[in-house]
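Written below as structure tokens is the structure these notes are about.
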Amino acid sequence: MDINPPAEPKVASINSKATNYDVLSQRQLIWRKFKRHRVALLSLYVLVILYIVVLLAEFFAPYGAFQRHSQFLLAPPTPLRFVDEQGVFHLRPFVYKMTNELDRATFQRAFIEDTSEKYFFQLFVRGEPYLLLGFINSDIHLFGVEEPGVFLPFGTDSLGRDLLSRLLLGARTSLFVGLIGLIIGFVLGLFFGGISGYYGGSIDLFVQRLTEFLQSLPTLPLWMALAALVPAEWTPVQVYFGISSVLAIIGWTSLARVIRGKLISLREEDYVMAARLSGVSEAAIITRHLLPGFMSYLIVHLTLAVPQMIIGETALSYLGLGIRAPAVSLGTLLQDAQSVQTVTLSPWLLIPGGMVILIVVAFNFLGDGLRDAADPYRHK
Amino acid sequence: MSQKSPLLNIDNLKVHLPLEEGVLKAVDGLSLTIEHGQTLGLVGESGCGKSMTALSILRIAPRFAQTSGSIVLHPRSGPPLDLVGLDAEGKTIRTIRGGEIAMIFQEPMTSFSPLYTIGNQVIEAIRLHRTPDKQAAREIAVDMLERVRIPGASQTLDKYPQELSGGMRQRAMIAMALSCHPSLLVADEPTTALDVTVQAQVLRLMRDLQAEFGMSILYITHDLGVIARMVSEVAVMYLGRIVEQASVDSLFHAPHHPYTQALLKSVPRMGKKSKRRLDSIQGNVPVPINTPKGCGFFPRCPVAIPGLCDRVDPPLVPVEDGQRVRCFLYPEVVAVAEQQGSIAHDVQ
Amino acid sequence: MGRYIAKRFLYVLFVLGLVSLVVFYIINLPPGSWIENYALELEAAGSPADSSELTFLRGRYGLDQPLHIQYLRWIGPLLTEGDFGYSFEWRQPVWPLIADRLLLTVVVSLASLVFVYAVAIPIALYSATHQYSFGDYLFSFLGIFGLATPSFLLALVFMVIMLRFFGVSPGGLFSPEYLNAPWSPARVWDLLIHLPVPVIVVGTAGTASVIRILRSQLLDEFQKQYVITARAKGVSESRLILKYPFRMALNPIISNIGTLLPAIVSGSTIVAIVLGLPMTGPLLLRSIIAQDTYVAAGILMMLSVMTVLGVLISDLLLAWLDPRIRFEKSN
């Protein structure tokens, strides 16, 4: 009993201020503990910023996602410079004019910087018009370079479209498909896990078998088959929801199991029994005692389920079974990287893959941090 | 049966656990001697460092714990050995663990791995310390199980722990501990988790076995009732130190330290009519992180001397025949402190 | 125990029946069919539809009948003669088309499973016994990326690296000369040489998750009383760890095969597509897109059989290894 060192410190910190006890709510305790998990906190910031940026993708993107730079097919990222050819330092960064030549030997297009022309970096430049959040008409982009220069931070794809602009739009699709899939999965999981844990008996047995059954099937092949159900003539928005549902149909099972397990173990808790004995109504027991008991676990599990959905969407779209052109997602962007030859020559096409990893890692860290914090009384 | 020769000398033992919040001084300058054949009780509230002391004797305290001081064992054969100086994973300490010093724990439910039979786990100890021969080890195990009065000893060996009751498991645990004839048995709250009737049986069994085997016992508990039944000498522990040590009789009849007095008052007594509520000690056991200087009991002590007790740490000093106390209420203690020069200055 | 095994087998049979039903319906649910598309194509090309063939196929599989009749006409021959039906696109029976690919899928999946455990167990043991050491942090860090990288992306990156730095294309499970050769020891050897790349790519995510689970399990177990008891009786540290906490932590790992195997089969499907391996993955994708019903259903069915059997084996293994489960089941 003395062996578990981290058990004591919490008492210690209270003890040291024995005279003025700090009374913290459960939420404050969780937040406090969460903040100590630096990486999780950083991940939270990264995700919040990402969601804001992709929501306002049209503004943050230097170009329209479908705008073609016909002179720049598969152009590499444009270097942003501070020091020019003569070694003069410019506080304001600039890009050189880009020209491309066909290499007669390899028949590859080579992009060369023409140092005679400089285009300076600008904020809030006017460009391709767009409709922000579905109702704000604008043509102001956060950054760009002076006309007629082009600044392609992540290069272009085979049609000469700016990869950064497409990346932001694609990330929006992928991030929200994950969320929508999650909501659908959450509703299903809550329903099945709820009736299973609450009613028990044969309903429980049935739901248990159902989740076991779904979990024993190979997910991706099943997803592939289900994705084929999404009719070809659906609009991008419909496809979007269709794919989310496909992901959710299989994704809810683990959530249902968590909810069921939690409900069952909480029902046995002494404090629930105590509440029942003192005549608290069943509804109040559920909302006041049971729900707070596993809300934190739910949030943790939801957080950890998002990346699964995102990876699923990316994989399906990559295979051509998910989000379809003209809609853009991280998966469809990676379709351009399908051939090894292309990727070897234009490695920047893999940047969307880096984005997938960043998102998934951030969600995983966030989930880990939340899990550690979810039970503030539990020692590691 | 007591021969008055020391078996184990603990001197100024410190076990410090570096934690995020600071250094937790689980054991902080503990000195104790266990004689051959003696049963020594170690009493204190939970969190006072009793269990950590026990674990340190076997050198199985958590790996990150910093242990200093000395624990000198006088083994049956060979020269005295300082256990603190040994490699905690080395061969020497491993022959002592289970061989010279055995330990039984509080939780009979979790003390055995549920994946192996009782026999497997008992025989493992015997083969480590007594005989490598499987068949002979099994015979010893059956014999030991019979000695702790487990019915159907041979069949029980082939059972899994979860098939036995708590009392039976604790008996098996005792059988395992005694199977290699240790000279010292460290018993860490061995009956706390048991029913009262089972508790009485196990206590009686331990007493009988001690007479039979003639080993010393370090009996760790927070239960003063058990202490009265089991031991001859008691050490009271508070915040990682001994605050009072005396024979059972002296301690119960004339407790000297205010902590011991308070502890005794908090025990209900049969037959003694009293209108008063049972006393409890005010405050909580502080966690020994960044402890202020002075006597550790000062914040909770009803008779503390301000200006002295909160500034100087009293030494442990014999005040009466065989009774040692760590408290400035006794002139002997003050005298020793003055001699050591720790108060001459401070108290004016 | 015998009753438990019998019960599990019956349950698996029931599950497989259900799987066949679900698979068949899902595959047939999308509007249109290969035959319709083909007829349209022929018409569009201006050539008169070779209706005799189409009519024969329609009749043979009851394609103009309701779905449940179609199902019975599919599952009947499958159960009685092992006839998986006919591939419209390839104009040949399904079984010979998928048999070899299925075998290779099984080989790659099992090899990945072995790889996962062979790599994860020593690393988890090291990490748990050296908690907070540099190595522990390094493996945790790598594990996070291993978990986060979708296997198709890993396969892509692998290909690019191989091509760029070693100048070899890692695609394929065989050298060209063995690709269509009959099985022979030399062909098996050739397969073994080609296995590592797909196995590593498929196994990475699983390895990372097993390390994670096993490490935290071990750390939990290290705190347990029975470990301290065993240490107190003088058992040496290495023997102690293997006999007590490790053995205990192995149980959740074995039961985890149930989730690991479906993940590995999923992974091998997409990795096979990216790396162009002659496994079921690419064929499944193609048959789904082309609505080549019986090929898709056959592959999906067989992949599910694989994972369901895997779960069964892990359950039985667990019951055999863990006395606690043995008691529960026999009582």
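Excluded from the calculations below are hydrogen atoms, water molecules and symmetry mates; all remaining heavy atoms, backbone and side chain alike, are included. Protein chains get the first letters and strands the later ones, always in sequence-line order, with residue 1 at the start of each. None of these values were measured; they are calculated from a predicted model.
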Under 4.5 Å from a heavy atom of chain C, the part of Phe363(A) involved:
neither

For Leu350(A), is it the side chain, the backbone, both or neither that has a heavy atom under 4.5 Å from a heavy atom of chain C?
side chain

Which residues in residues 352-359 of chain A have any heavy atom closer than 4.5 Å to a heavy atom of chain C?
Gly353(A), Val356(A), Ile357(A)

Would you mind telling me which of Ala225(A), Pro307(A), Gly312(A), Ala227(A) has the largest number of heavy-atom pairs within less than 4.5 Å of chain C?
Ala225(A)

In chain order, what residues pass the salt bridge (charged side-chain N to carboxylate O under 4.0 Å, His left out) check against Arg101(C), with sequence neighbours excluded?
none

Any donor-acceptor pair under 3.5 Å from Thr332(A) side chain to Ser329(A) backbone
yes

Which one of Val265(C), Val305(C), Val308(C), Leu18(C) has the most heavy-atom pairs closer than 4.5 Å to chain A?
Leu18(C)

So, the part of Ile310(A) with a heavy atom under 4.5 Å from chain C: the answer is neither

Residues Asp292(C) and Arg286(C) bridged, charged N to O under 4.0 Å:
no

Counting only non-hydrogen atoms closer than 4.5 Å, does Pro221(A) touch chain C with its backbone (N, CA, C, O), its side chain (CB onward), both, or neither?
both

Determine whether a donor-acceptor pair (N or O, by modelled atom type, separation under 3.5 Å) exists between the side chain of Ser287(C) and the backbone of Leu284(C).
yes

Name the member of Leu29(C), Val15(C), Val311(C) that forms the most heavy-atom pairs with chain A at distances under 4.5 Å.
Leu29(C)

